[in-house]
Amino acid sequence: MADSNVSAFDGLFTSFFQESAVDVNPINNGNLDTNIVVEQPNIESAITQTNTIIPDTNITIEQPDTNIAVGDQDQPQINFLDTPVLSNDRKLFDINTFVSELRENDAKKNKEYSLKNTNMSAYDIASGCIGNIVMKILNYPVQDYSASWLPVKMRGCIGEGVHNFIQSESDQFTETEGSMKIPSIHFSGRFDAMIGNNNLIEIKSCTYDDYKKIIKNHQPRINDFYQLITYKYILENYLEEAQRQPRDTLRTDPPRQREYNIDTLQLIFVCHQIFAADYNSIGEAIADVKAIKKLLNSKHNQFYFITALTIDLTKIDVSQYIDPVKKKIERVNYYIETNQLPDKTDEFVDTNACFFCLYKQNCPYK
């Protein structure tokens, strides 16, 4: 979509870290001035420091001292990681069986979704290889419907929980989960939240590694930014079509406003996890948490893991970001109408986005 090496976001963001007393540090970036707001915690009572204990892999427990005679006082240590031999009528939860069940369920859901899906999403436009999008809509055959990395299913579940929690616990949003189904351009998506008709909000869960970069650089991930730009483009150009779709064909209500003039974007980043390949040990994760708190200058902020980046679109030429979104949507529809796959030279073919692609075993772009 855009050259990732170009700092397209420098000078556009104001970061809010859920604290109080303001300390403003101006940053000069060519023609744009930015005020990065980092607030200090307003906590009067001191909080006792807690030492985190990293458990040893060999978990043991000692017998407590009692007044009951138990014979030999040197009681044996019990290793709870060893699976005991039990009778057949005592069933245990088995991790390997769970992984097999997860793989089977995931493949079934992916197949059902793939066979009935005839649209691209904002995520597809912001992140997806155009070949993957076209093959999905044209229903190209898939050899294996299961995910390449199954923990992504748990990551998605946690992320969904984060969205639901913020949306349900805040009264600041005027709309949440607005469905935008646009059959004329094979698009279907849902924005996370709106405030009024001008502030478009996306909630993103992320790893500590990504979160640290966001905090340090005061910039969002480029694909998250383009996802919001896609929603802006759809709301301002296809609102009437989105609102006239039958309600029983939508997962949630369509957008409510008569018109939208998006001049503000907010990305709420919530860091919630340490699993996956981000760390080799719990110790590394704890060190990163401490580094993030130091970056935020918020040692005692209980919500250090939530940051909102606010993008003022009135300060930039938004067309430079809208144009590639519009171009990609038009290109996808051209390939669908002509029933052909994109050429290898298409600028939206991404050979680095193959890991999660269901079509990678028969990919014509490798």
Side-chain angles (χ1 to χ4, degrees), residues 1-2 4 8-9 113-114 117-137 152 156 159-160 162-163 166-167 173 175-195 197-206 220-243 245 249-257 260-270 309 311 313 318-333 335-336 347-348 350 353 356-357:
M1 306 288 292
S4 60
F9 301 118
Y113 175 78
S114 178
N117 185 24
T118 57
N119 296 298
M120 70 185 105
S121 67
Y123 180 84
D124 289 333
I125 296 167
S127 309
C129 169
I130 194 171
N132 174 283
I133 300 170
V134 174
M135 285 188 281
K136 176 181 66 175
I137 296 176
V152 74
E160 183 177 353
V162 168
H163 280 69
I166 293 177
Q167 290 169 336
F173 308 125
E175 294 181 68
T176 59
E177 299 296 321
S179 283
M180 298 169 287
K181 189 174 184 180
I182 318 296
S184 65
I185 57 171
H186 295 91
F187 177 87
S188 180
R190 287 179 296 162
F191 60 76
D192 284 344
M194 289 285 306
I195 297 179
N197 74 337
N198 67 310
N199 186 2
L200 179 59
I201 300 166
E202 181 74 9
I203 303 169
K204 287 294 183 182
S205 55
C206 62
R221 297 174 297 194
I222 184 72
N223 293 339
D224 297 335
F225 171 75
Y226 268 108
Q227 188 172 342
L228 276 177
I229 289 294
T230 300
Y231 290 144
K232 170 182 167 63
Y233 172 70
I234 296 297
L235 283 169
E236 294 178 350
N237 293 274
Y238 294 93
L239 179 60
E240 182 182 353
E241 185 174 355
Q243 292 178 333
Q245 299 307 308
T249 66
L250 306 175
R251 293 175 61 183
T252 57
D253 290 338
R256 300 173 186 171
Q257 303 288 340
Y260 291 85
N261 298 295
I262 309 299
D263 59 19
T264 307
L265 304 179
Q266 282 196 294
L267 282 152
I268 303 174
F269 288 102
V270 182
L309 292 183
I311 308 169
L313 296 180
V318 185
S319 64
Q320 63 182 314
Y321 305 110
I322 292 287
D323 287 347
V325 167
K326 181 180 178 182
K327 186 176 182 180
K328 189 171 183 180
I329 292 174
E330 292 174 347
R331 193 78 59 80
V332 169
N333 280 274
Y335 291 127
I336 293 171
E347 63 188 295
F348 297 116
D350 185 0
F356 289 108
C357 181

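Computed from a prediction, not measured in an experiment: that's the story for all the values here. The analysis underlying the following values was restricted to heavy atoms, covering all of them including side chains, and did not include hydrogens, waters or symmetry mates.
- To the nearest 0.5 Å, the span separating CD1 on I262 from OH on Y233 amounts to 15.0 Å.
- Rounding to the nearest 0.5 Å places CZ of F191 at 4.0 Å from CD of E175.
- Nearest heavy atom pair, residue C357 against residue N132, reads SG-ND2, 3.1 Å.
- Here K326 contributes atom NZ and N237 contributes atom CG; the two are 7.5 Å apart, rounded to the nearest 0.5 Å.
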Which pairs would a plain distance check flag for residues 181-190, meaning a side-chain donor or acceptor within less than 3.5 Å of a matching protein atom at least two apart in sequence or in another chain?
residue, atom, partner, partner atom, Å
S184, OG, E241, OE1, 2.8
S184, OG, E241, OE2, 3.1
H186, ND1, N333, OD1, 2.9
R190, NH1, E177, OE1, 3.2

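- Counted by atom type alone, N117 and Y113 present one or more donor-acceptor pairs between their side chains at under 3.5 Å.
- Counting heavy atoms from C-beta outward, I166 and F173 have side chains that approach closer than 4.5 Å.
- With sequence neighbours excluded, the residues forming a side chain to side chain contact (heavy atoms under 4.5 Å, CB included) with N261 are N197, E259, listed by chain and number.
- With sequence neighbours left out, D192 forms a side-chain hydrogen bond (donor to acceptor under 3.5 Å, both in side chains) with H163.
- With sequence neighbours excluded, the residues forming a side chain to side chain contact (heavy atoms under 4.5 Å, CB included) with D263 are N198, T314, listed by chain and number.
- For D253, the side-chain hydrogen bond (donor to acceptor under 3.5 Å, both in side chains) partners are R247, not counting sequence neighbours.
- Separating the CD1 atom in I130 from the CE atom in M120 is a distance of 8.0 Å, to the nearest 0.5 Å.
- Listed by first and then second residue, the salt bridge (charged side-chain N to carboxylate O under 4.0 Å, His left out) pairs that reach into residues 119-131 are D124-K136, sequence neighbours excluded.
- By the salt bridge (charged side-chain N to carboxylate O under 4.0 Å, His left out) test, D350 is found to be paired with no residue, residues two or more places apart in sequence or in another chain being considered.
- Closest heavy-atom contact between I229 and Y321: CG2-O, 3.7 Å.
- Each of L200, L228, I203 was evaluated against L267; a single residue qualifies, L228, per the side-chain contact (heavy atoms from CB on, under 4.5 Å) test.
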* To do: Starting from the C-alpha separation in whole Å, work towards a yes-or-no answer on side-chain contact (heavy atoms from CB on, under 4.5 Å) for Y335 and I133.
  => CA-CA 10 Å; Y335 291 127; I133 300 170; over 6 Å; no
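- Residues satisfying the salt bridge (charged side-chain N to carboxylate O under 4.0 Å, His left out) criterion with K327, sequence neighbours excluded, are E347.
- The backbone N or O of P255 sits less than 3.5 Å from a side-chain atom of Q243, completing a donor-acceptor pair.
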* Could you please spell out the steps behind the side-chain contact (heavy atoms from CB on, under 4.5 Å) verdict for V332 and F348? => CA-CA 10 Å; V332 169; F348 297 116; over 6 Å; no
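- Residues forming a salt bridge (charged side-chain N to carboxylate O under 4.0 Å, His left out) with E160 (at least two apart in sequence, or on another chain): none.
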* Report the C-alpha distance between Y226 and V325 in whole Å, list the side-chain angles of each, state the deciding distance to 0.1 Å, and finish with yes or no for side-chain contact (heavy atoms from CB on, under 4.5 Å). => CA-CA 8 Å; Y226 268 108; V325 167; 3.8 Å; yes
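- Of the inter-residue distances, the one linking T230 atom OG1 with L235 atom CG reads 11.0 Å to the nearest 0.5 angstrom.
- Not counting sequence neighbours, the partners of K232 by the salt bridge (charged side-chain N to carboxylate O under 4.0 Å, His left out) test are E236.
- Distance alone, capped at 3.5 Å, places no donor-acceptor pair between the Q245 side chain and the L250 backbone.
- Under the side-chain hydrogen bond (donor to acceptor under 3.5 Å, both in side chains) criterion, N119 pairs with no residue at all, not counting sequence neighbours.
- The NZ atom of K204 lies 5.0 Å from the CG atom of D224; values are rounded to the nearest 0.5 Å.
- In this view, Y238 satisfies the side-chain hydrogen bond (donor to acceptor under 3.5 Å, both in side chains) rule with no residue, not counting sequence neighbours.
- Scanning all heavy atoms of the two residues, the minimum distance from S205 to G159 falls at OG-CA, 3.5 Å.
- At distances below 3.5 Å, not a single donor-acceptor pair connects side-chain atoms of Q227 with backbone N or O atoms of S121.
- Under a cut-off of 6.0 angstrom, the local environment of OH in Y123 is sparse, with at most 12 non-hydrogen atoms contributed by other residues, nucleotides or ligands.
- Summarising the local packing, CD of E240 is surrounded by 12 or fewer heavy atoms from other residues, nucleotides or ligands at distances under 6.0 Å.
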